[in-house]
Amino acid sequence: MSIRKRCTKKTARVAWQVDYRDQNGDRRHKQFSTKREAEAWYVSVRHDVADGTHVPAGQSRSVRHASDAWLRSCERNGLERSTIDSYRQHIDLHICPFIGERLASELDSSDVTQFYNTLLDNGRSRDMVRRVKIDLGAIFDCAKLNKWIAKNVIKETPFRLSKRDNNRPEMPTVEDVSAMVAKTKEQWSDWLAFLYVAVFCGLRSSEIRGLTWANVDLRTGLVTVGKRADRWGKMGPPKSKAGTRDIPLPPIAVQSLKERKLRSSSGLNDLVFSTEKGTPINHSNIMTRYFKPLQIEAGIFEIRLVQSQRLSRRKPAKCAKFGLHALRHFCASIWIEGDYSAKKVQRLMGHASIQQTFDTYGYLFERRDHDRETLLEIQNRVLLA
């Protein structure tokens, strides 16, 4: 390796060129405007060549190019349209505006840390930065597979969330759910079975919308989650292997489903909850026609400022307090209160790992254990008195 000064005759422009051989023995060179930059890069590349991790600039690709290649691989692997759209949004809004034109091989840990800080400085939440980091790590894995980089610097640069950032999921109280059930019986009786499945089975919205009668055993009171309907009504398998699971139904849900089956006719998809045409119900229709007005009628709402359609100003209005996913959290809470083990809750919820279960509901397990210890202490004090 050597550093030499170069000067063009026509423009008298001075440049500093680093000549070296890569780990394969091929001759390479790179120019810099100052000697200091050349020397700094010389030290870095010498270390990378010795480790066998150097990728020449001409062989590397930009982060934007690597991102496009990763999205194409996701499409070839059959990932759901909604998942790919989410990835593309992260790339377009959070990755490419800041590092899209940088060569992937030139980024080091300090660059990645600066990228995290830049996202935070530009209004991204810490949870969003965490999500973007996961996607960017997969992009660099794809780049490494294509030999555009030698190592995945994203996975080597941690971004840790503070414990105070781990917000507890919002969920209704027992009184809220009781009020929902009462109002559903009174005004939306056709939705009663839907509500029971959401409350007592903890299914995701897509899993409820894709539930078929073939996967509901009313004799044994068991629901098998084996299909889901995406945002566009396309049926497919659960998003992960852990998503396929069996969930017991309480007697009240079994009875409600029996009544619904007697009233409904099976469509082409054999769906438990479907439109009149037998197609999956759209999630926004569930919220607009049932779950939002249900909460407002049941007194479970917040006063927020919303844009008036007739006036140019915002005005206060009643807004539903919870999304449909909150019922999934509520179901997990009653399972935990019912003394289910963390492993069983993980299986019933369809979580990919036990860590995901603890990250989301760990405080509920701690509270349950604390209550049990407190009761035991009170019992011993009474018995020894």
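All figures in this text were calculated on a predicted structure; none of them were measured in a lab.
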Enquirer: Should the pair H351 and Y361 be assigned to parallel (<30°), tilted (30 to 60°) or perpendicular (>60°) ring geometry?
Expert: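 Correct class here is parallel.
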
Enquirer: Decide if atom CD of E259 counts as having more than 12 heavy atoms of other residues, nucleotides or ligands within a radius under 6.0 Å.
Expert: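 Above 12, so yes.
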
Enquirer: Identify the heavy atoms of G202 and C331 that sit nearest to each other, and give their distance.
Expert: N-SG, 3.3 Å

Enquirer: Do D135 and W70 have side chains that get closer than 4.5 Å, going by heavy atoms?
Expert: yes

Enquirer: Before giving the answer on side chain to side chain contact (heavy atoms under 4.5 Å, CB included), spell out for D85 and Q89 the whole-Å C-alpha distance, their side-chain angles and the decisive distance to 0.1 Å.
Expert: CA-CA 6 Å; D85 284 351; Q89 186 179 55; over 6 Å; no

Enquirer: Taking distance alone, no hydrogens or angles, what donor-acceptor pairs closer than 3.5 Å link side-chain atoms of residues 177-189 to residues at least two apart or in another chain?
Expert:
from: T184; atom 1: OG1; to: M180; atom 2: O; distance (Å): 2.7
from: T184; atom 1: OG1; to: Y290; atom 2: OH; distance (Å): 2.9

Enquirer: For the residue pair T288 and S284, confirm or rule out a side-chain donor-acceptor distance under 3.5 Å.
Expert: no

Enquirer: Roughly how far apart are R88 CZ and L71 CG, rounded to 0.5 Å?
Expert: 5.5 Å

Enquirer: Just wondering, do Q356 and Q346 contact through their side chains at under 4.5 Å, heavy atoms?
Expert: no

Enquirer: Just say parallel, tilted or perpendicular for the rings of Y340 and W335, cut-offs at 30° and 60°.
Expert: parallel

Enquirer: Between L145 and L103, is there a shared hydrophobic cluster once you connect ILVMFWY residues whose side-chain heavy atoms come closer than 4.5 Å?
Expert: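 Hydrophobic grouping puts L145 apart from L103.
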
Enquirer: Strictly distance-based, threshold 3.5 Å: is any side-chain N or O of S333 a donor or acceptor partner for the main-chain N or O of F330?
Expert: yes

Enquirer: Can you tell me how far the CZ atom of R368 sits from the CG atom of D339, to the nearest 0.5 Å?
Expert: 5.0 Å

Enquirer: To the nearest 0.5 Å, what is the distance between CD (E207) and CZ (R204)?
Expert: 4.5 Å

Enquirer: Could you report the tightest heavy-atom contact between C319 and V306, atom names first, then the distance?
Expert: SG-CG1, 3.9 Å

Enquirer: Would you kindly say whether D176 and T173 are connected by a side-chain donor-acceptor distance under 3.5 Å?
Expert: yes

Enquirer: Taking side chain as C-beta onward, heavy atoms only, is L195 less than 4.5 Å from L327?
Expert: yes

Enquirer: For A326 and P172, work out which heavy atoms get closest and say how close.
Expert: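 So the two residues come closest at O-CD, 3.6 Å.
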
Enquirer: Is a side-chain donor or acceptor of N215 paired with a backbone partner of L211 at a separation under 3.5 angstrom?
Expert: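 Checking the backbone N and O of L211 against the side chain of N215, no donor-acceptor pair under 3.5 Å is found.
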
Enquirer: Do the charged groups of R64 and E101 touch, with an N to O distance under 4.0 Å?
Expert: yes

Enquirer: For the residue pair Q255 / K258, report whether a side-chain donor-acceptor contact shorter than 3.5 Å exists.
Expert: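 Looking only at side-chain atoms, Q255 and K258 do not form any donor-acceptor pair under 3.5 Å.
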
Enquirer: Taking the side chain as C-beta and beyond, is there a heavy-atom pair between V132 and R124 under 4.5 Å?
Expert: no

Enquirer: Decide whether F98 and L120 are clustered together by the hydrophobic rule: side chain heavy atoms of Ile, Leu, Val, Met, Phe, Trp, Tyr closer than 4.5 Å, transitively.
Expert: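 They do share one cluster, since a chain of ILVMFWY contacts under 4.5 Å joins F98 to L120.
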
Enquirer: Given the rule in the side chain to side chain contact (heavy atoms under 4.5 Å, CB included) test, do L107 and F115 qualify, once you have shown the distances and angles that lead to the verdict?
Expert: CA-CA 10 Å; L107 294 176; F115 170 64; over 6 Å; no

Enquirer: Answer yes if L222 and M349 sit in the same cluster of Ile, Leu, Val, Met, Phe, Trp and Tyr residues linked by side chain heavy atoms under 4.5 Å apart, and no otherwise.
Expert: no

Enquirer: What do you reckon, is CD of Q17 surrounded by more than 12 foreign heavy atoms closer than 6.0 Å?
Expert: yes

Enquirer: Would you say S67's side chain and V63's backbone share a donor-acceptor pair under 3.5 angstrom?
Expert: yes

Enquirer: Do V174 and M171 share a hydrophobic cluster, counting only Ile, Leu, Val, Met, Phe, Trp and Tyr and linking them when any side-chain heavy atoms are less than 4.5 Å apart?
Expert: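 Yes.
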
Enquirer: Using only heavy-atom distances, determine whether the side chains of S109 and T157 contain a donor-acceptor pair under 3.5 Å.
Expert: yes

Enquirer: Which atom names give the shortest non-hydrogen contact between Y87 and L79, and what distance separates them?
Expert: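 Heavy-atom minimum between the residues: CE1-CD2, 3.7 Å.
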
Enquirer: Considering only heavy atoms from C-beta outward, does the side chain of L136 approach that of V112 to under 4.5 Å?
Expert: no

Enquirer: Look at the rings of Y196 and F200 and say which category their plane angle falls in: under 30° parallel, 30 to 60° tilted, over 60° perpendicular.
Expert: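 Y196 vs F200 ring planes: tilted.
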
Enquirer: Which other residues belong to the hydrophobic cluster containing F301, where Ile, Leu, Val, Met, Phe, Trp and Tyr are joined when side-chain heavy atoms lie under 4.5 Å apart, directly or via other members?
Expert: I296, I303

Enquirer: Please confirm whether the backbone N or O of A143 pairs with a side-chain atom of R61, one donor and one acceptor, at under 3.5 Å?
Expert: no

Enquirer: Below 4.5 Å, heavy atoms only, C-beta onward: do R81 and K234 meet side chain to side chain?
Expert: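 No, side chains not in contact.
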
Enquirer: Kindly determine whether R126 and R130 satisfy side chain to side chain contact (heavy atoms under 4.5 Å, CB included), including the steps that lead there.
Expert: CA-CA 6 Å; R126 297 186 68 83; R130 178 187 64 83; over 6 Å; no

Enquirer: Counting only N and O atoms by type, is there a donor-acceptor contact under 3.5 Å from the side chain of R228 to the main-chain atoms of G210?
Expert: no

Enquirer: So how far is it from S62 OG to D68 CG, rounded to the nearest 0.5 Å?
Expert: 8.0 Å

Enquirer: Who are the ring pair (Phe, Tyr, Trp, His ring centres under 6.0 Å) partners of F322, not counting sequence neighbours?
Expert: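 Per chain and number, F322 pairs via ring pair (Phe, Tyr, Trp, His ring centres under 6.0 Å) with no residue.
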
Enquirer: Please check if F159 and I134 belong to a single hydrophobic cluster, counting links between Ile, Leu, Val, Met, Phe, Trp and Tyr side chain heavy atoms closer than 4.5 Å.
Expert: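 Different clusters.
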
Enquirer: To check you understand the geometry: which heavy-atom pair defines the closest contact between P238 and T244, and what is its length?
Expert: CG-OG1, 3.5 Å

Enquirer: Is there a side-chain contact between I208 and I286, using heavy atoms and a 4.5 Å cut-off?
Expert: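 Not in contact.
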
Enquirer: Return yes when atom NZ of K292 has more than 12 non-hydrogen atoms of other residues, nucleotides or ligands closer than 6.0 Å, and no otherwise.
Expert: no

Enquirer: Between D111 and R102, is there a salt bridge with N-O shorter than 4.0 Å?
Expert: yes

Enquirer: Please determine, by modelled atom types, if D127 and S125 share a side-chain donor-acceptor pair under 3.5 angstrom.
Expert: no

Enquirer: So, do L348 and P248 sit near enough that their side-chain heavy atoms are less than 4.5 Å apart?
Expert: yes

Enquirer: Just verifying a value: how many Å separate I99 CD1 and Q114 CD, rounded to the nearest 0.5 Å?
Expert: 11.5 Å

Enquirer: Would you indicate whether R289, at its atom CZ, is surrounded by more than 12 heavy atoms from other residues, nucleotides or ligands within a distance under 6.0 Å?
Expert: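 No, the 6.0 Å shell around CZ holds no more than 12 heavy atoms from other groups.
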
Enquirer: Backbone N or O of G233 within a donor-acceptor pair of the N282 side chain at under 3.5 Å?
Expert: no

Enquirer: Over 60° means perpendicular and under 30° means parallel, so classify the ring planes of H94 and H90, tilted if in between.
Expert: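 H90 and H94: tilted rings.
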
Enquirer: Between K144 and D141, is there a salt bridge with N-O shorter than 4.0 Å?
Expert: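 Salt bridge flag = no for K144 with D141.
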
Enquirer: Which distance, rounded to the nearest 0.5 Å, do you find between the CD1 of I252 and the CG of L257?
Expert: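 Output value for this atom pair is 11.0 Å.
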
Enquirer: For a quick test of reading the model, state the closest non-hydrogen atom pair linking V254 to L218 and the distance between them.
Expert: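 The pair with the smallest heavy-atom distance is CG1-O, 3.6 Å.
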
